[in-house]
Amino acid sequence: MTQDFLPIKGYDHIEFYVGNAKQAAHFYDKTFGFTPVAKSGMETGNRERASYVMQQGNVRFVFSSAFTPDSAIARHAALHGDGVKAIALSVGDVEAALRETKSRGATVLKPATPEEDEHGTYITGEIKYAGDTVFRFVDRTSYRGPFAPGYNAIDARGSTGVGLAAIDHVVTNVYLGEMDYWADWYANVMGFSKLAHFTDKDISTEYSALMSKVMENGTGKCKFPINEPADGKKKSQIDEYLDYYYGPGVQHIAMSTGNIYDTVTELRRRDIDFLRVPDTYYDALRERVGDVDEDWDKLQELGILVDKDEDGYLLQIFTHPVQDRPTLFFEVIERHGSRGFGIGNFKALFVSLEKEQAIRGNL
Ligand code: FE2
């Protein structure tokens, strides 16, 4: 076994560039149940941007928007709409992470940059990823503040979570022909290995298809599926994303829960809309997954999907896009042994997705 040249402790945060960070923060607070924990803005001397740090379980999101039209954040939001800018990974040594990945072909966009305040030193560096998305390496082992220098703690106003515990995986959409490039990039530059490979034979409907490879880091903590469209009679959901995001980017973020019934019930109560599969899905389900110890009526009532493989099973559900462009959405997942991604559900999901695409006039 060779030594992991990029030891990753886990996800540190995901940063979104959005048109209006104040309203985005409010949305993720009131619907998804994230608690605002820190903020940077004019009141902290930040003349460029406002950033809100939101936390739930081990999931940390940062929503940033610009004060000026020439800011990189404003340009990103104008081109892509609201979306993920940075996938931040926690490492013990940012300089080493940049050095090791650069020597294997990474493009360094930001060298190791220490920032200091009375709480200690916070170090970040960034490398280029697909489209305008970046991987950010974060070392906060010597930092004790609420998030980073330049941020003030927010007194949480008693937000209540919905049981979201951790980031399970982060999915990227890329153009046709680019999936293998990025899978190789994860393998060569990041030292990841391939966990799964789905072809258009696994994932296709009458109209569209996609191909996917899943890459994971040495500890298996961070999993990154990469999707590309495959030839179909009509535009695939991946094509639709690429058209409206104006390039590759993060398609969905899956967050784990210990009780998907409670989490989804609460999210529905808070007006989060989920993709619905036809009821015929549930007729065939028992036959497909067998003796899974779950409340079948409740699964169907809430629209939760089930998949099973040799390691166990999983429960999952997908939201509609969370902005007007048909781009980023979320998945809620509860794993019972399975390390898969719900391939048994892909076909039913894509039929439902294509109905939504047709409603949008994009099929
Ligand atoms: Fe997923």
Side-chain angles (χ1 to χ4, degrees), residues 14 80-81 83-85 87 128-135 167-187 190 192-217 222-255 275 277 305 307 314 316-323 325-333 339-354 356-357 360 362-363:
I14 306 273
H80 301 296
V84 170
K85 175 62 186 180
I87 304 164
K128 188 190 174 315
Y129 179 44
D132 286 331
T133 316
V134 304
F135 271 107
I167 293 172
D168 186 275
H169 58 274
V170 179
V171 183
T172 307
N173 284 345
V174 300
Y175 287 116
L176 180 58
E178 291 184 352
M179 177 185 67
D180 284 333
Y181 172 86
W182 286 108
D184 290 346
W185 183 88
Y186 274 109
M190 304 280 273
F192 287 19
S193 52
K194 191 166 77 183
L195 179 62
H197 181 192
F198 308 113
T199 70
D200 50 349
K201 287 181 186 58
D202 301 313
I203 317 175
S204 66
T205 66
E206 188 187 347
Y207 292 123
S208 65
L210 71 82
M211 297 184 284
S212 189
K213 281 185 177 174
V214 184
M215 305 299 292
E216 69 172 355
N217 81 315
C222 297
K223 294 190 273 284
F224 299 104
I226 315 149
N227 297 332
E228 72 174 18
D231 278 337
K233 286 183 199 156
K234 295 191 178 175
K235 186 191 275 192
S236 82
Q237 50 159 317
I238 310 301
D239 291 311
E240 188 192 34
Y241 175 100
L242 294 165
D243 283 355
Y244 283 92
Y245 199 70
Y246 284 78
V250 171
Q251 178 210 35
H252 76 267
I253 299 169
M255 298 182 282
L275 204 60
V277 294
L305 311 176
D307 199 24
L314 61 81
Q316 65 182 170
I317 193 166
F318 299 85
T319 72
H320 286 147
V322 290
Q323 57 289 307
R325 297 196 202 193
T327 51
L328 177 74
F329 59 90
F330 290 92
E331 172 183 354
V332 178
I333 186 166
R339 296 170 68 223
F341 297 87
I343 186 163
N345 293 322
F346 285 4
K347 186 142 193 174
L349 276 167
F350 291 175
V351 171
S352 297
L353 270 166
E354 282 163 11
E356 305 285 332
Q357 267 180 264
R360 292 190 284 262
N362 292 333
L363 188 64

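Quick note: residue numbers are just sequence positions, from 1. No hydrogens, no waters, no symmetry mates; every other heavy atom, side chains included, goes into these values.
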Undergrad: Is it the case that more than 12 heavy atoms not belonging to Tyr244 sit under 6.0 Å from its OH atom?
TA: no
Undergrad: Within the 4.5 Å heavy-atom criterion, are Thr133 and Lys85 side-chain neighbours or not?
TA: no
Undergrad: Nearest 0.5 Å please: distance from the CD1 atom of Ile226 over to the CE atom of Met211.
TA: 12.0 Å
Undergrad: Indicate yes or no: at least one non-hydrogen side-chain atom of Tyr241 is less than 4.5 angstrom from one of Asn227.
TA: no
Undergrad: Can you name the closest pair of heavy atoms from Met179 and Val174 and give their distance?
TA: N-CG2, 3.6 Å
Undergrad: Could you tell me if the side chain of Thr172 sits less than 4.5 Å from the side chain of Phe224, heavy atoms only?
TA: no
Undergrad: Mind listing the closest non-hydrogen atom pair of Ile343 and Asp307 along with its distance?
TA: N-OD2, 3.1 Å
Undergrad: Just how far is it from atom CD of Glu354 to atom CD of Glu240, taken to the nearest 0.5 Å?
TA: 10.0 Å
Undergrad: Which distance, rounded to the nearest 0.5 Å, do you find between the CD1 of Ile238 and the CG of Asp243?
TA: 11.5 Å
Undergrad: With a 6.0 Å cut-off (strictly less than), is the heavy-atom count around CZ of Phe198, excluding the residue itself, greater than 12?
TA: yes
Undergrad: To the nearest 0.5 Å, tell me how far Leu195 CG sits from Met215 CE.
TA: 9.5 Å
Undergrad: What are the two closest non-hydrogen atoms of Ala254 and Ile333, and how far apart are they?
TA: CB-CG2, 4.4 Å
Undergrad: About how many Å separate CZ of Phe346 and CG of Leu210, when rounded to the nearest 0.5 Å?
TA: 7.5 Å
Undergrad: Do the rings of Trp182 and Trp185 sit parallel, tilted or perpendicular, given the 30° and 60° boundaries?
TA: perpendicular
Undergrad: Are the side chains of Pro326 and Gln357 in touch, meaning some heavy atoms are under 4.5 Å apart?
TA: no
Undergrad: Once rounded to the nearest 0.5 Å, what's the spacing between atom CD of Gln316 and atom CG of Leu349?
TA: 6.5 Å
Undergrad: Among all residues two or more places apart in sequence or in another chain, which pass the side chain to side chain donor-acceptor pair (under 3.5 Å) test with Lys213?
TA: Asp180
Undergrad: Indicate the atoms forming the closest heavy-atom contact of Tyr129 with Tyr186, along with that distance.
TA: OH-OH, 2.7 Å
Undergrad: Just wondering, more than 12 heavy atoms not from Arg339 lying within 6.0 Å of its CZ?
TA: no
Undergrad: Could you tell me whether the side chain of Gln251 reaches within less than 4.5 Å of the side chain of Phe329, counting heavy atoms only?
TA: yes
Undergrad: Do Gln323 and Leu328 have side chains that get closer than 4.5 Å, going by heavy atoms?
TA: yes
Undergrad: Could you check, using the six-membered ring where one of them is a Trp, whether Tyr246 and His80 have ring centers closer than 6.0 angstrom?
TA: no
